[in-house]
Amino acid sequence: MVRQRNPHPNLHIKNLIFIPIISRHLQKANLWFLKKQLVPLADQRSIVWITTPSPLFPDLLNQIQFKSLVYEMMDDYAKIHTSIETHIKETETWLINRADLIVATSSRLFEKGMKLNQQKKAVLIRNGVDYDFFNKLDYQRPPDLKNMGKIVGFIGTVEHWIDFETMYSLAERWVDIDFVFVGPIKIRGLPKRKNLHYLGEKKYNEIPHYCHFFDVCLIPFNPGELADAINPVKLYEYFALGKPVVSFEMKELLPFADLLYLAKDRQDFSIKLESALMENDDRMKAKRRELARLNDWSVKVRSLQQALSHL
């Protein structure tokens, strides 16, 4: 267990011990581990906040005391974990109906929560950014970017939802541009080219330094239901630095269509990237920064406090 300094005496932050495998055979053991750790913490005043629909939760929550349950919907988990899609859907339906408050980070997830929760106790609070953290730095070029020229970059988990066929075709077309992916690598068989770079996971305090040296930032998610349920944190992080962003069309990005480059298909993505690389407009940078500032986490916290006050 990793113990962290608690910012408030009534807020307990713990990494719980359990076996990270979903299996009916291990379910009893995991329930025992989690119950032993949570029972001393939880009582009739506690708010339990859940962010992932693990099949363990229905049984676990029936064995501990708490006052209120908050379920935060951050992704369409059933579309991410397709091998256990049925389990995820069953658990999420249970959590949504049991929750005293549902916090959704995108309009599609909010609609899903409102549809399934009979008491309609849902609130839409989109993601945000620590604006000052990204802006009050003496930026240092990371060593693994030192020998690169123009950089088109992505920050985030390298997973199956990224359209790597498009990324490869772009790298093939622009051989003098380096395409950089910064984040944990969760899949195998990534396309290889001299100008495709997978730099792996970095510490969070290093991320602004990478973004600062990107000429264009990417959100290259495959279009579809999974992408439409995402309100990407990286958009606000990119915008906090005023960066031009190229993405496939996603429902949550449509309101910002005048501030970024949205592509309808692979060919259009290439066209939009070319426009982004040629951009030289300080007014656009200023508008992006302002949008990020208006979506600072402090603003989100105020919205959340108001929602929690009803509990």
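Numbers for residues simply follow the sequence, beginning at 1. Note that the structure is a prediction, hence the values are computed from the model and not measured.
The main-chain N or O of Leu56 is found under 3.5 Å from a side-chain atom of Ser54 such that the two form a donor-acceptor pair. Listed for the Tyr238 side chain is a donor-acceptor partner under 3.5 Å among the backbone atoms of Leu218. With hydrogens and angles disregarded, a donor-acceptor distance shorter than 3.5 Å links the side chain of Asn195 to the backbone of Trp174. Between the Asp281 side chain and the Arg283 main chain, a donor and an acceptor come within less than 3.5 Å of each other. With hydrogens and angles disregarded, a donor-acceptor distance shorter than 3.5 Å links the side chain of Ser106 to the backbone of Ala229. Panel note: side chain Asn30, backbone Ile19; a donor-acceptor pair is recorded below 3.5 Å. One N or O on the side chain of Arg288 and one on the backbone of Leu259 form a donor-acceptor pair closer than 3.5 Å. A donor-acceptor pair is defined here as one N or O able to donate and one able to accept, closer than 3.5 Å; such a pair exists between the side chain of Gln37 and the backbone of Ile17. At least one donor-acceptor pair under 3.5 Å links the side chain of Lys243 to the backbone N or O of Phe214.
Closest approach of Gln65 and Ala42 over heavy atoms only: O-CB, 3.1 Å. Among all heavy-atom pairs drawn from Arg141 and Gly149, the shortest one is NH2-O, 4.0 Å. What you find for Asp138 and His209 is that their closest heavy atoms are O-CE1, 3.6 Å. Here the shortest heavy-atom pairing between Ala99 and Ile102 reads CB-CG1, 4.1 Å. The minimum heavy-atom distance linking Ile96 with Met73 is given by the pair CD1-CE, 4.0 Å. Heavy atoms only, all atoms of each residue included: Ala292 and Phe239 are closest at CB-C, 3.9 Å.
Separating the SG atom in Cys211 from the CG atom in Leu241 is a distance of 6.0 Å, to the nearest 0.5 Å. In this structure, Glu72 CD and Ile50 CD1 are separated by 11.5 Å, a value rounded to the nearest 0.5 Å. If you take CG on Leu34 and CG on Asp59, they are separated by 11.5 Å, rounding to the nearest 0.5 Å. Rounded to the nearest 0.5 Å, atoms CG (Leu69) and CG (Leu311) are 9.5 Å apart. To the nearest 0.5 Å, atoms CD1 (Ile230) and CD (Glu252) are separated by 10.0 Å. Annotation: the span from Phe110 atom CZ to Ile125 atom CD1 amounts to 10.5 Å, rounded to 0.5 Å.
A chain of hydrophobic side-chain contacts below 4.5 Å, direct or via other Ile, Leu, Val, Met, Phe, Trp or Tyr residues, connects Ile185 to Leu199. Residues Leu273 and Met148 are members of one and the same hydrophobic cluster, defined by side-chain heavy-atom contacts under 4.5 angstrom among Ile, Leu, Val, Met, Phe, Trp and Tyr. Side-chain heavy atoms closer than 4.5 Å link hydrophobic residues (I, L, V, M, F, W, Y) into clusters, and following such links, even through other members, never connects Val70 to Leu61. Tyr198 and Leu170 fall within a single hydrophobic cluster, where Ile, Leu, Val, Met, Phe, Trp and Tyr side chains are chained together by heavy-atom contacts under 4.5 Å. Hydrophobic clustering (side-chain heavy atoms under 4.5 Å, transitive across Ile, Leu, Val, Met, Phe, Trp, Tyr) groups Val158 together with Trp161.
Each of Asp296, Asp130, Asn231 was checked for a side chain to side chain donor-acceptor pair (under 3.5 Å) with Tyr236, and the lone residue meeting it is Asn231. A ring pair (Phe, Tyr, Trp, His ring centres under 6.0 Å) with Phe164 is found for one member of Phe179, Phe221, Phe181, Phe154 and no other, namely Phe181.
Atom CD of Glu279 sits in a crowded spot, with more than 12 heavy atoms from other residues, nucleotides or ligands closer than 6.0 Å. Remark: Asn147 CG is loosely packed, at most 12 non-hydrogen atoms of other residues, nucleotides or ligands lying under 6.0 Å away. In this structure, Glu159 places its CD atom where more than 12 heavy-atom neighbours from other residues, nucleotides or ligands lie under 6.0 Å away. Within a 6.0 Å radius of CG in Asn62, other residues, nucleotides and ligands contribute more than 12 heavy atoms. Surrounding CD of Glu225 are at most 12 heavy atoms belonging to other residues, nucleotides or ligands under 6.0 Å away. Within a 6.0 Å radius of CD in Glu85, other residues, nucleotides and ligands contribute more than 12 heavy atoms.
Counting heavy atoms from C-beta on, the side chains of Ile80 and Leu226 come closer than 4.5 Å. Counting heavy atoms from C-beta on, the side chains of Asp176 and Lys150 never come closer than 4.5 Å. With contacts defined as side-chain heavy-atom distances shorter than 4.5 Å, the pair Asp215/Ile177 does not qualify. Residues Phe57 and Leu60 have side chains in contact (heavy-atom distance under 4.5 Å, counting atoms from C-beta outward). Proximity of Tyr131 to Ser298: side-chain heavy atoms (C-beta onward) are nowhere separated by under 4.5 Å. Between Lys287 and Leu291, the closest side-chain pair of non-hydrogen atoms is not below 4.5 Å. Residues Ser169 and Arg266 form a side-chain contact, since some pair of their non-hydrogen atoms from C-beta on lies under 4.5 Å apart. The side-chain heavy atoms of Arg126 and Thr105, taken from C-beta on, include no pair separated by under 4.5 Å.
Taking the charged nitrogens against the carboxylate oxygens, Glu92 and Lys89 have no contact shorter than 4.0 Å, which rules out a salt bridge.
Under the 3.5 Å distance criterion, with hydrogens and angles disregarded, a donor-acceptor pair is assigned to the side chains of Arg173 and Ser270. Neither side chain, Tyr261 nor Asp268, offers a donor N or O lying under 3.5 Å from an acceptor on the other. Checked by atom type, the side-chain pair Arg289/Asn135 shows a donor-acceptor distance below 3.5 Å.
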Salt bridge (charged side-chain N to carboxylate O under 4.0 Å, His left out) for Lys115 and Glu111? Distances and angles first, verdict last. CA-CA 6 Å; Lys115 183 179 178 181; Glu111 291 160 7; over 6 Å; no
Where do Leu116 and Met114 land on the side-chain contact (heavy atoms from CB on, under 4.5 Å) test, with the steps shown first? CA-CA 6 Å; Leu116 293 176; Met114 289 290 280; over 6 Å; no
Salt bridge (charged side-chain N to carboxylate O under 4.0 Å, His left out) between Asp76 and Lys112, intermediate numbers included: CA-CA 10 Å; Asp76 190 342; Lys112 181 180 179 180; 3.8 Å; yes
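Aromatic ring pairs are classed by plane angle as parallel below 30°, tilted from 30° to 60° and perpendicular above 60°; the pair Phe248 and Phe269 is tilted.
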